[in-house]
**Q** 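One structure follows; several queries about it will come next.
Note on naming: letters A, B, ... go to the chains in the order of the sequence lines (proteins, then strands), and numbering restarts at 1 for each one. Everything quoted here is computed from the prediction, not taken from an experiment.
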There are 2 protein chains.
Amino acid sequence: MSDAGPLVLLIEDEPQMRRFLRAALESHGYRFVEATTAREGLAQATSRTPDVILLDLGLPDGDGLDLARRIREWTTTPIVVISARGKEQDKVAALDTGADDYLTKPFGTEELLARLRVALRHAARAAAGDDPVFVAGDLRVDLPARRVFVGNDEVHLTPTEYKLLTALVHDAGKVLTHRQLLRAVWGPNAVEHTHYLRVYMTQLRHKLERDPTRPRHLQTEPGVGYRLKLE
Amino acid sequence: MSDAGPLVLLIEDEPQMRRFLRAALESHGYRFVEATTAREGLAQATSRTPDVILLDLGLPDGDGLDLARRIREWTTTPIVVISARGKEQDKVAALDTGADDYLTKPFGTEELLARLRVALRHAARAAAGDDPVFVAGDLRVDLPARRVFVGNDEVHLTPTEYKLLTALVHDAGKVLTHRQLLRAVWGPNAVEHTHYLRVYMTQLRHKLERDPTRPRHLQTEPGVGYRLKLE
DNA sequence: ATAACTCTTGATGAATTCTTGATGCCGGAG
DNA sequence: CTCCGGCATCAAGAATTCATCAAGAGTTAT
């Protein structure tokens with residue numbers, strides 16, 4: 001966080017609300033970027049890496065929740081949702097999707113700013129060691145771009161392969177049990193299908209390891225699970 | 001990762017609201033402690049180290065905000081404020097004092113629970129960085145990552161070896177009887193198979209001790225059991 | 001509708017781990 | 001001094017868990 005003020009990404013399509021928010025932020029030393037669609041919002045989130053994201057759920061293209069989910073795939077940047085819908089169900093859905101706070105319109109400037117401060121407080125505390133690009137040896141996983149490289153070559157992963165890899169990246173260095181991985185990739189109902197894991201680990205190794213027989217990154221912990229080796 | 005459910009400290013004096021919250025939490029697998037005064041709340045916060053604190057601002061003795069401030073002096077445990085006062089000014093004051101969320105009465109059970117989940121998510125992420133690691137001399141056991149080091153070298157343990165070691169770590173310094181260890185590792189049916197213990201203690205010593213003949217960590221208590229020496 | 005890609009599932013040999021018995025050591029008791 | 005019980009160690013077969021190949025089912029894109 002530079003001394004130029006925290007950077008807020010504002011994803012909002014209504015011009016009136018945008019003007020209101022712009023005024024509130026500007027007068028309090030925040031820098032901000034704007035986006036008026038979900039697509040644009042996602043692009044800005046990846047390219048500008050804001051300190052906090054202010055997201056209106058009622059966007060013209062696609063669901064705001066979907067956007068939140070997409071963003072949460074690779075970053076923990078706080079998302080503060082603002083919405084006209086005040087139903088409890090809406091709040092629960094947004095918060096469980098990964099939003100960190102939920103404000104119902106209309107709301108006061110001061111409350112908005114206070115909740116933004118809370119979000120930034122959290123972000124500051126969590127910021128240490130939160131690199132959206134994982135690197136270990138010749139392996140590089142770019143979460144925001146959803147791309148994977150070995151050396152200089154990009155490798156294509158299927159959706160399942162990628163999910164498995166991100167699960168490992170998320171707790172890189174730690175041992176993840178079979179159950180943990182299965183739950184993360186195939187959902188809570190597949191917790192017993194250990195065989196899936198074996199098949200996909202072999203495929204991942206064939207794509208990511210120089211010598212799949214002697215894995216340097218994707219290590220198996222016999223009787224326990226797997227882990228992604230750091231360094 | 002205890003499966004007993006997160007521990008909530010509930011600081012609330014109104015009996016009716018307390019009953020409501022108790023029901024909401026209980027039916028969702030939370031454990032909780034209660035306090036009805038600020039003084040008691042502070043005491044519980046320090047002694048029980050809850051995962052999240054649910055704080056009503058309208059306490060009989062002293063200001064709830066004061067309590068929040070006192071708690072924030074030494075811990076970042078999430079504080080979710082619930083209050084009858086819905087003025088913007090109140091919210092701002094609470095949030096800036098260190099509260100992580102602010103709910104105005106009346107509120108729905110589902111929203112409360114969702115916001116609790118958010119708070120716990122934050123706490124979990126904040127805690128993820130620093131693993132509680134057991135250390136004794138050159139022996140280091142990182143339980144969350146399931147990794148064991150001797151000096152700077154990581155050693156690989158089989159599931160059974162690791163279970164045995166964690167049983168000893170769990171009561172480090174104390175003597176564990178043969179029966180206790182056998183029950184912990186092999187289950188209640190193997191309580192007689194003392195031989196298992198000998199075999200695995202030998203293996204553990206070979207992996208963890210500089211000189212397996214003269215163990216510095218894994219000490220045998222003749223006729224009783226074994227213990228992991230602290231230091 | 002077709003083709004290309006992805007996921008699921010079964011079969012098989014390889015690798016690791018667990019169990020079990022045999023053997024030797026040491027100190028105390030007879 | 002010798003025997004005995006508790007302990008440590010070694011090693012081999014049994015049991016479990018893994019890696020890998022391949023084929024058919026299911027999906028998605030064109």
**Q** Return the value, rounded to whole Å, for the distance between atom CD of A:E161 and atom C1' of C:dC5.
**A**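 Checked: the CD to C1' distance equals 11 Å.
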**Q** For DNA chain D, determine which residues of residues 197-213 of chain B have any heavy atom closer than 4.0 angstrom to one of its atoms, and list them numerically.
**A**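 B:R198, B:V199, B:T202, B:R205, B:H206, in order of number.
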**Q** Is A:R22 positioned over the aromatic face of A:F32, cation under 6.0 angstrom from the ring centre and no more than 45 degrees off axis?
**A**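 Judged by the rule, A:R22 and A:F32 form no cation-pi pair.
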**Q** Quick one: which of C:dT19, C:dT20, C:dT6 gets closest to the side chain of B:H193?
**A**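 When the side chain of B:H193 is considered, C:dT20 is the closest of C:dT19, C:dT20, C:dT6.
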**Q** What nucleic acid atoms does A:Y226 come within less than 4.0 Å of, heavy atoms only: base, sugar-phosphate, or nothing?
**A**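 Sugar-phosphate contact only - A:Y226 comes under 4.0 Å of backbone atoms but never of a base.
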**Q** Please determine whether ring pair (Phe, Tyr, Trp, His ring centres under 6.0 Å) holds for the pair A:F134 and A:W74, giving the CA-CA distance in whole Å, both sets of side-chain angles, and the decisive distance to 0.1 Å.
**A** CA-CA 11 Å; A:F134 172 86; A:W74 57 273; over 10 Å; no
**Q** Between the side chains of A:D66 and A:R69, is the shortest nitrogen-to-carboxylate-oxygen separation below 4.0 Å, so that they form an ion pair?
**A**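 Result for this pair is yes, salt bridge flagged.
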**Q** With heavy atoms under 4.0 Å as the rule, sort B:T194 into base, sugar-phosphate or nothing.
**A**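 Touches nothing.
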**Q** Look at the side chain of B:H156 and decide which nucleotide, out of C:dT19, C:dT17, C:dC7, has an atom nearest to it.
**A**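 Taking heavy atoms from C-beta onward, the closest nucleotide is C:dT17.
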**Q** Reading DNA chain D 5' to 3', which nucleotide is the first, and which the last, to come under 4.0 Å of any heavy atom in chain B?
**A**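 Endpoints of the contacted stretch of DNA chain D: D:dG6 to D:dC10.
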**Q** By side chain to side chain donor-acceptor pair (under 3.5 Å), which residues pair with A:R216, not counting sequence neighbours?
**A**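 Partners of A:R216 under the side chain to side chain donor-acceptor pair (under 3.5 Å) test: none.
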**Q** Below 4.5 Å, heavy atoms only, C-beta onward: do B:L168 and B:Q219 meet side chain to side chain?
**A**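 The answer is no, as the side chains (C-beta and beyond) never meet within the 4.5 Å cut-off.
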**Q** Take atom CG of A:N189 and atom P of C:dT8, then tell me their distance rounded to the nearest Å.
**A**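 Taking atom P of C:dT8 as the reference, CG of A:N189 is at 13 Å.
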